[in-house]
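Right, one structure below, let's go through it.
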Amino acid sequence: MARQIFEWDYTNYPGAKKYPHVFSPIQLGNLIIPNRVKYAATEDNLNSHDGYITDEDVAYMRERARGVAGGLCTMQGVYMDERRYGQGYVGQAAAWDDKFIPGLKRIADAIHEERAVANFQLMHCGRVGGVETPFCEGPSFLPQRLRLFKPVHEMSHEEVEISIQQHIDAARRGIEAGFDVMEISGIVGYLVSNFLSSYTNRRTDEYGGDIYARCKFMTDIIKGVRGAIGPDIPLIIRICAWEQLDDVGGNTQDESMIVYQEAVKAGVDSISVTVGWQESIVPVISRDIDFGTWLWVPENAKKFVDVPLSMAYRLFHADMADKAIADGKIDYWENCRPQIADPDMPLKYLEGREEDIRWCVACNVCLARLFRDAPMTCYINPTCAHENDPSYYPQPASTKKTVFIAGGGPAGLECAWVAADRGHEVHVYDDREKLGGTIIDAGLAPYNDDELYRIIEFHKAQCDKRGVEFHIGEKLTAEILEEELPDTVVIATGADYLRGNGAPGFDRDNVISLTEALYETKPVGDRVVVWGNRKPGIGCALALAKKGKKVTLVGAERTVGKDINPSFRWRYNMFLRQNGVTSYNDCDIAEIEDGRVIIMTYDGHRVPVEADTVVYAERGPSAFAAELKAAAAEESIETYVIGDAVVPRGLSGAVHDGYKIGLRI
């Protein structure tokens, strides 16, 4: 008979009426879960480097457990081998010995205290492992495609059997720690997927060969884990429905469906459907991928297996998930990055507070941090990884102040709502007719960059709720400061686009700014040189290329997109190539002449490039910010400079600056 751990009554919640499928119960094995929300496992590098659970990780998980509102909350995957070949992240939790059970129990308890269902994940990282050792391990020796990862030690037959037993023993520890559900991770290049794939499994023993033989490692683990946890604990496996490794001889989609069938035969109760490996050259979760792109994958998998299926990739919104469940494409909604950005995202949907959701912008900074052995942070959530520090959350101000903020972009707006939340009287001045600052301009770039504006919508809603007064279309001037004498001034005016580097020709009429080019307030010829190879210049170059322009990108940085995180930068390099944009990096403009630009390479060569228009997209310190700072000093007003007004960076620096200064005032 099915059991239920926690009772939730969603009857009077507006979200339950709006999204009835998301907030309806689902049965996994013999367990009834009150709703169809699952927080998917992600590493956070918050634990000790020897695998022990920390206060920081408990607090991180508690926040996500609260957010699933009675749903399924998965802790990060644990590594299970004492020699640590399976450890893929420096702060990954361990479960290779009973001594780790008390720490793991703290996670289970924290999840339960929020009345959510606790899911324990087994994760040997395989080719992605060995973060603290000279080697990782896998079924076969095969050179790594990504230089970031360690050389692969080919497992002996004995080592394979030991690894299977390690999974079984760790599963038993998870249940002893109090977890309600067990999950095996077999995705993105981790060990189980290494055995499954024809790309990485070249073995000639019983663990290699055709697809059925390659499934043996997985099915032995499933059967062994099932024996350890008993029949009443639901068992989930995360496995690829499409590896996207066709270019290197990976599994076909038909073979992946055989894997699904074998997993069900072996005893899993549910499958988390995934697409792609870390070694795949096709993107699956970056912002350029449209929402709902991959829903056809679980829909297809349902033709082959009859167990509940979930999926997370680019499925950020409850309306889309609700429809997918109603249409039978998935059975429950999995998410990870959206709850890194806003731990309470599902709960806010349930409570009808969608305007309060701080939206993930699919930038993958969280992943970039993990792969560089740093604690996870979030591009747009300043409290991520600081959940255990009360000082990172707004507290009532001891002295209420009148705060004037110059600039209605992300830095100014973030500061505004936090300061207002603490009780300050806040006024925001912006000479544009629309809030958002340079995020408005950034949204004109292709590949779903318009999603960035969601953070401005969040900011506006928070400011409105806290009584922030907006002075739209009005510039904060020295005269206003002199007349009003606020207690505090925050300068969040952003950066200035710099008209040239002093080279001859930048004063020509065909030299225009990025905004003039994007908004077409000045003529743009067919042949365009964009000066500046950071994100603003890249976005402008791509937008113009999409309009049929022949674009050349010139910049002093040695790498295009230096200000873009590495986990996303490769996508922009690909976009530039796909759109025919020629890039000259580590170069500068030496001269602008009639019909052409002379580019100076790093080693002194002069390269002529035909050009009708030159667009300047390099940024520097704001002249207005300096003037306003001086005016505030003249009146002895407490002053802060934040965001790109300090130094040109990007959205993340603006949000984090604004939040911290909002706490400090």
Side-chain angles (χ1 to χ4, degrees), residues 288 432 434 436-450 452 494-564 571-602 604-620 648:
D288 54 297
R432 297 178 75 154
K434 181 180 179 181
T438 55
I439 295 302
I440 303 171
D441 310 330
L444 297 177
Y447 301 106
N448 293 329
D449 277 3
D450 57 325
L452 297 173
D496 288 344
Y497 289 105
L498 304 177
R499 185 168 181 132
N501 56 7
F506 266 104
D507 57 349
R508 286 172 169 260
D509 290 341
N510 66 330
V511 178
I512 64 176
S513 69
L514 174 146
T515 53
E516 289 168 334
L518 289 178
Y519 293 100
E520 299 180 334
T521 56
K522 287 191 177 179
V524 180
D526 292 331
R527 302 169 301 177
V528 183
V529 169
V530 175
W531 179 61
N533 62 348
R534 291 188 175 229
K535 178 59 174 72
I538 294 168
C540 181
L542 291 170
L544 294 175
K546 288 291 186 184
K547 295 178 180 179
K549 310 296 184 183
K550 182 179 180 181
V551 182
T552 301
L553 186 66
V554 181
E557 301 290 355
R558 294 181 64 183
T559 302
V560 66
K562 184 180 178 181
D563 55 337
I564 302 170
R571 295 296 299 132
Y572 282 102
N573 280 296
M574 186 174 292
F575 298 154
L576 292 169
R577 291 194 297 271
Q578 290 172 343
N579 287 278
V581 176
T582 302
S583 296
Y584 287 89
N585 304 316
D586 204 4
C587 297
D588 210 342
I589 291 178
E591 189 173 355
I592 301 172
E593 301 175 342
D594 288 337
R596 70 176 191 173
V597 169
I598 306 300
I599 297 171
M600 181 72 74
T601 66
Y602 71 95
H605 287 85
R606 293 168 65 88
V607 180
V609 174
E610 294 181 341
D612 306 307
T613 305
V614 176
V615 178
Y616 54 92
E618 285 284 7
R619 298 185 298 165

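- Residues passing the salt bridge (charged side-chain N to carboxylate O under 4.0 Å, His left out) test with Asp449, sequence neighbours excluded: Arg287, Lys535.
- Here Arg432 pairs with Asp441 under the salt bridge (charged side-chain N to carboxylate O under 4.0 Å, His left out) rule; sequence neighbours left out.
- Legend: residues meeting salt bridge (charged side-chain N to carboxylate O under 4.0 Å, His left out) with Asp612, ordered by chain and number and at least two apart, are Arg527.
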Throw together a table of side-chain donor-acceptor distances under 3.5 angstrom for residues 536-549, partners on residues two or more places apart or in other chains.
residue: Lys546; atom: NZ; partner: Tyr447; partner atom: OH; Å: 3.2
residue: Lys546; atom: NZ; partner: Asn579; partner atom: OD1; Å: 3.4
residue: Lys547; atom: NZ; partner: Glu520; partner atom: OE2; Å: 3.1
residue: Lys549; atom: NZ; partner: Val524; partner atom: O; Å: 3.1

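- Identified under the salt bridge (charged side-chain N to carboxylate O under 4.0 Å, His left out) test for residues 499-509, with sequence neighbours left out: Arg508-Asp594.
- When all heavy atoms of Gly620 and Ala495 are compared, the closest pair comes out as O-CB, 3.2 Å.
- Closest non-hydrogen pair, Leu514 versus Ala617, comes out as CD1-CB, 3.8 Å.
- No donor-acceptor distance shorter than 3.5 angstrom exists from the side chain of Asn533 to the backbone of Ser583, with no hydrogens or angles considered.
- Remark: Lys522 pairs with Glu516 by the salt bridge (charged side-chain N to carboxylate O under 4.0 Å, His left out) rule, at least two apart or across chains.
- The OH atom of Tyr602 lies 15.5 Å from the CG atom of Asp588; values are rounded to the nearest 0.5 Å.
- Shortest non-hydrogen contact noted between Ala611 and Val597 is CB-CG2, 3.9 Å.
- Shown here are the side chain to side chain donor-acceptor pair (under 3.5 Å) partners of Asn510, two or more places apart in sequence or in another chain: there are none.
- Listed by chain and number, the residues in a ring pair (Phe, Tyr, Trp, His ring centres under 6.0 Å) with Tyr584 amount to none (sequence neighbours excluded).
- The environment of CD in Glu610 is sparse: at most 12 heavy-atom neighbours from other residues, nucleotides or ligands sit within 6.0 Å.
- Applying the side chain to side chain donor-acceptor pair (under 3.5 Å) criterion to Thr601, with sequence neighbours excluded, gives Asp603.
- For Pro608, the side chain to side chain contact (heavy atoms under 4.5 Å, CB included) partners at least two apart in sequence or on another chain are Arg596, Ile598.
- Atom OG1 of Thr582 is separated from atom CG of Leu553 by 9.5 Å, given to the nearest 0.5 angstrom.
- Note that the CD1 atom of Ile440 and the OG1 atom of Thr515 stand 11.5 Å from one another [nearest 0.5 Å].
- In this structure, Gly532 and Glu618 approach most closely via the heavy-atom pair CA-OE2, 3.5 Å.
- Within the structure, ring pair (Phe, Tyr, Trp, His ring centres under 6.0 Å) pairs that include any residue of residues 512-542 comprise Phe506-Trp531 (at least two apart or interchain).
- Under the side chain to side chain contact (heavy atoms under 4.5 Å, CB included) criterion, Ala556 pairs with no residue at all, not counting sequence neighbours.
- Considering CZ of Phe575 and CG of Asp288, their distance stands at 3.5 Å, rounded to 0.5 Å.
- Looking at every heavy atom in both residues, Gly525 comes nearest to Thr613 through N-OG1, 2.8 Å.
- The distance from the OG1 atom of Thr559 to the CZ atom of Arg534 is 10.5 Å, given to the nearest 0.5 Å.
- With rounding to the nearest 0.5 angstrom, the CZ atom of Arg619 is 6.0 Å from the OG1 atom of Thr438.
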